[in-house]
Amino acid sequence: MRLTVLAGGIGGSTFLRGLLQARPDAEITVVGNTADDITLFGLRVCPDLDTVMYTLGGGISEERKWGREDETWVIKEELAAYGVEPTWFGLGDRDVATHLVRTQMLDAGYTLSAVTEALCTRWKLPVRLLPMSDDRIETHVVVEDPDQPGRRKAIHFQEYWVRWQAEITAHQIVAVGADKAKPAPGVLEAIADCDVLIIPPSNPVVSVGTILGVPGVRDAVRETKAPVIGLSPIIGSGPVRGMADKVLATVGVASTASAVARYYGSRATGGVLDGWLIDTSDAMQADSIAGAGIHVQAVPLWMTDETKTAAMADAALNLAEAVRQ
């Protein structure tokens, strides 16, 4: 079985653990979001790619769900002592090694795809991890300027997310460079040639949304012969993890499983979904989702351990079979 997954960071990588448990023999390709990428202290940082890589390679901090296990922060402390900005984003000592290698290879002319493949070799990943694009794409957020009330300014998504914890008013989200980008080698083929395409419970705007925003990707998803199955990142009125409700509000989408399903849309009407899994607590929304032309099933969606996440993955693949019929 060939499976392709469009993944953000923590939500995507957590789901992938369950998918690997559910289908250990599957050939899995992961298309990772790179619009969260940022250059800090002269180093190119790819948070979502690294979270998938560390999680599936056994190096992730299980407590934080991002960064390295057994991390130390000497470099961060020394940079702060020198007064180097930004102080709101710190890189751990082990993590810095990854960014040093990536930056050196990029500066030497290697593509992000080639760099990612080289980095993944060290971690012996059980999946193929592809960046969504080799071109530079960065999500920026137009916000109320905290220093000048009444004025707006654009800041990098990482500043909005990490420094401000999405607590300042956001008016617009823009994936800078996306309009001129191309899908990375292998991305369109992975979408076209898979048996099932899965959209895990990642952020629908700034993770999955930016992947779909790379020219050619959304069309490939619409045209693939494989069923496209998504899992809701919203349970009840809040996100499974993170602050997805804040960015959903920015694009005018309510924080409900039904609203996110409609945001993605049915493939039958120009969207990207064939099927949508919602949590059992949201079962009353099933009729609304079905009315939008999307097959729907309610199952437990809390990814509290790998066994429960594997059950979610099984449910997604079973729904894909039902869509085929």
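The pair D95-R68 does not meet the salt-bridge criterion, since no charged nitrogen lies less than 4.0 angstrom from a carboxylate oxygen. Salt-bridge annotation for R23 and D314: present, with a side-chain N of the basic residue lying under 4.0 Å from a carboxylate O of the acidic one. Using a cutoff of 4.0 Å between basic side-chain nitrogens and carboxylate oxygens, R128 and E189 are not scored as salt-bridged.
The nearest pair of heavy atoms linking T34 to L112 is CG2-CD2, 4.0 Å. Nearest heavy atoms, A118 versus M105: CB-CE, 4.0 Å. Residue W276 comes nearest to A257 through the heavy atom pair NE1-O, 3.0 Å, listed as atom of the first residue, atom of the second, then distance. The minimum heavy-atom distance between A22 and A313, with the atom names listed, is CB-CB, 4.0 Å.
Looking at W88 and Q158, their side chains come closer than 4.5 Å, going by heavy atoms from C-beta outward. L43 places a side-chain heavy atom less than 4.5 Å from the side chain of L100.
Between the side chain of D274 and the backbone N or O of V228, at least one donor-acceptor pair lies under 3.5 Å. Under the 3.5 Å distance criterion, the side-chain polar atoms of D134 are matched with a main-chain donor or acceptor of S113. Panel note: side chain R267, backbone R222; a donor-acceptor pair is recorded below 3.5 Å. Between the side chain of N33 and the backbone N or O of I211 there is no donor-acceptor pair closer than 3.5 Å. Of the possible polar contacts, none joining the S207 side chain to the G8 backbone as a donor-acceptor pair under 3.5 Å is found. A side-chain donor-acceptor contact under 3.5 Å links T4 to the backbone of A190.
Counting non-hydrogen atoms of other residues, nucleotides and ligands closer than 6.0 Å to CZ of F89 gives a total above 12.
R262 and S288 share a donor-acceptor pair across their side chains, judged by distance under 3.5 Å alone.
Cluster annotation: V174 and I155 are assigned to distinct hydrophobic clusters (Ile/Leu/Val/Met/Phe/Trp/Tyr, side-chain heavy-atom contacts under 4.5 Å, transitive). V176 and I173 fall into different hydrophobic clusters, where Ile, Leu, Val, Met, Phe, Trp and Tyr side chains are chained together by heavy-atom contacts under 4.5 Å.
Using a 30° and 60° split on the angle between ring planes, H140 and H156 fall in the tilted class, from 30° to 60°.
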